[in-house]
There are 2 protein chains.
Amino acid sequence: MYNVIHTMMEREETRIFHDYLKRTRLKHTAQRDLILDVFLDTEDHVSSEDLYHLVKVKDPTVGFTTIYRTLKLLVECGLARELEFHDGRMLYEHEYKHTHHDHLICTQCGRLIEFYDEQIESLQDDIVRRYGFKSLRHSHRIFGICAECQQAEKDAEKVGHHAVALTN
Amino acid sequence: MYNVIHTMMEREETRIFHDYLKRTRLKHTAQRDLILDVFLDTEDHVSSEDLYHLVKVKDPTVGFTTIYRTLKLLVECGLARELEFHDGRMLYEHEYKHTHHDHLICTQCGRLIEFYDEQIESLQDDIVRRYGFKSLRHSHRIFGICAECQQAEKDAEKVGHHAVALTN
DNA sequence: CTTAGTGCAAACCGTTTGCAAATGC
DNA sequence: GCATTTGCAAACGGTTTGCACTAAG
């Protein structure tokens, strides 16, 4: 019931999507609207599978395939950004009105930390210019261990030492 | 025949690999030696499949699996670096005595251009420090169209215009 | 009523794994 | 001889595709 109400108070993103569909002569369907809506309700990063499960809750008849195909449309119309995760999966994040950023990726817990550095961005522009390259997008990922996992590691070590002390 | 001679004049990398095998109590096999040797003879970037075919020429009995498993060992002992390509495949490049660098990737022809920027590297260090992150590796890729493909595009456009002019 | 979208199942593709036989040490 | 490695075939996992059916415009 409140699904209907929810879609009534049209978000700016919905309008962008509908315009895009019209412009490219694609059809406006209930599934596409639902998927966009569920995507907009997420925070941070979702995988296609995450989104599939979230959509399933609201309409269990929607298939995998439609999720993938719709996510692609969202990327094309600038509402979503694709991000290659650490294990090869794709993650999706909001793109509209979100400033560009890159990621620190914890290889232990999968946590994503966003960073942005003006200087790096402009140095990138220099590099691209130097090679006569036409830059379309970039992916700057730093892999490592986040502060929390480092702490957890240290804690585990302590416990380990205790255990050794006790068993000796 | 000259395979034997070739392996006789042992490269520094071969020694590193053998040391690594000994250290980790892994076995020294003809396949592993051959794969390393073929890998060292490549330039730039090879996919596992590229390497598989190159190895096949010298010994057609070697299987896929051994290539994959050996490449992993080469990464572990610091002789090879894994690079996520544009389409999800992995590429391998020489790591030993090769300075670190990142890549411009042409999404049209797949060309890889290496770049290195000291300032970006040190800005990265700053960022990592700011978040208490322990950096293990990074992947900085700029996707776009290389100078050659841009030129080719322009040339194609010209031809296109001619064609239109002629058919009109 | 024409064209595009949907859901399903099957295909895909690079990579990984289980296993029996072969090999290093 | 014991453990590791090999090559094969089959499994995997995320994504894509072919197709008959349904729905949008």
Side-chain angles (χ1 to χ4, degrees), chain A residues 7 14 17-39 45-77 80 82-92 110, chain B residues 7 14 17-36 38 45-77 80 82-92 110:
Chain A
T7 34
T14 313
F17 189 41
H18 290 175
D19 285 357
Y20 173 76
L21 293 177
K22 227 166 241 167
R23 192 155 21 93
T24 53
R25 289 174 182 70
L26 298 174
K27 284 171 181 168
H28 170 220
T29 71
Q31 289 93 326
R32 285 176 175 171
D33 273 358
L34 175 61
I35 292 167
L36 170 57
D37 220 55
V38 171
F39 173 67
H45 314 84
V46 272
S47 66
S48 352
E49 207 180 322
D50 293 339
L51 193 59
Y52 173 66
H53 290 303
L54 291 171
V55 167
K56 273 271 170 189
V57 174
K58 299 214 174 183
D59 179 355
T61 69
V62 180
F64 268 132
T65 323
T66 308
I67 303 286
Y68 278 109
R69 290 194 274 225
T70 305
L71 275 170
K72 226 171 224 173
L73 296 179
L74 297 183
V75 170
E76 270 161 35
C77 69
E82 238 174 2
L83 169 67
E84 279 173 66
F85 195 48
H86 146 237
D87 58 3
R89 270 152 64 214
M90 283 293 187
L91 295 186
Y92 294 85
Chain B
T7 33
T14 313
F17 189 41
H18 290 175
D19 285 356
Y20 174 76
L21 293 177
K22 225 165 244 167
R23 192 157 19 94
T24 53
R25 288 173 184 69
L26 298 174
K27 283 171 183 171
H28 171 219
T29 71
Q31 290 93 327
R32 284 176 176 170
D33 273 359
L34 175 60
I35 292 167
L36 171 58
V38 171
H45 313 85
V46 273
S47 65
S48 352
E49 207 179 324
D50 292 339
L51 193 59
Y52 173 66
H53 290 303
L54 291 169
V55 167
K56 273 270 169 189
V57 174
K58 300 214 174 182
D59 179 355
T61 69
V62 180
F64 267 132
T65 322
T66 308
I67 304 285
Y68 279 110
R69 290 194 274 225
T70 305
L71 275 169
K72 224 170 227 176
L73 296 178
L74 297 182
V75 170
E76 270 161 36
C77 69
E82 239 174 3
L83 169 66
E84 277 173 67
F85 195 46
H86 144 238
D87 57 2
R89 271 152 64 212
M90 283 293 187
L91 296 186
Y92 295 85

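Here is the naming used below: chain letters follow the sequence lines, and residue numbers restart at 1 for every chain.
With DNA chain D read from its 5' end, the first of the two nearest nucleotides for B:T66 and A:H28 is the one closest to B:T66. In terms of position along DNA chain C, the nucleotide closest to B:R89 lies nearer the 5' end than the nucleotide closest to the other residue of the pair B:R89 and B:T65. Toward the 5′ end of DNA chain C lies the nearest nucleotide of B:R69, the other residue of the pair B:L26 and B:R69 mapping further downstream.
The main-chain N or O of B:S47 is found under 3.5 Å from a side-chain atom of B:D50 such that the two form a donor-acceptor pair.
An OP1 or OP2 oxygen of C:dT6 is reached within less than 4.0 angstrom by a side-chain nitrogen or oxygen of A:R32. Look at A:Q31 and you'll find a side-chain N or O under 4.0 angstrom from OP1 or OP2 of C:dG7. Residue A:T29 has a polar side-chain atom (N or O) positioned under 4.0 Å from OP1 or OP2 of C:dT6. Phosphate proximity of C:dT15 to B:S48: present, with a side-chain N or O under 4.0 Å from OP1 or OP2. Remark: A:Y68 is in phosphate contact with D:dT15, judged by side-chain N or O atoms under 4.0 Å from OP1 or OP2.
Side-chain proximity of B:E49 to D:dT15, C:dG14, C:dG24: nearest is C:dG14. Considering only side-chain atoms of B:V62, the nucleotide from C:dC25, C:dG14, D:dG7 that sits closest is D:dG7.
A straight line from NZ of B:K56 to P of D:dC8 spans 6 Å, rounded to a whole angstrom. The nearest whole Å value for the distance from the OH atom in A:Y52 to the C1' atom in C:dG7 is 10 Å. One interatomic measurement links the two molecules: CG of A:L73 to P of C:dT6, which rounds to 8 Å at whole-angstrom precision. Protein atom CZ of A:F64 is 16 Å distant from nucleotide atom P of D:dT17, rounded to whole Å. Atom OH in A:Y92 sits about 13 Å away from atom P in D:dG14, given to the nearest Å. One can place NZ of B:K22 at 15 Å from P of C:dG24, the figure rounded to the nearest angstrom.
When heavy atoms are screened at a 4.0 angstrom cut-off, A:S47 is found touching no nucleic acid atom at all. Within the 4.0 angstrom heavy-atom criterion, only backbone atoms of the sugar-phosphate kind lie near A:K72; the bases stay farther away.
Side-chain contact between A:T70 and A:L36 is absent, with no heavy-atom pair separated by less than 4.5 Å.
Between the side chain of A:K27 and the base of D:dA23, no donor-acceptor pair of N or O atoms lies under 3.5 Å.
A:K56 and A:Y52 share a side-chain donor-acceptor pair at under 3.5 Å.
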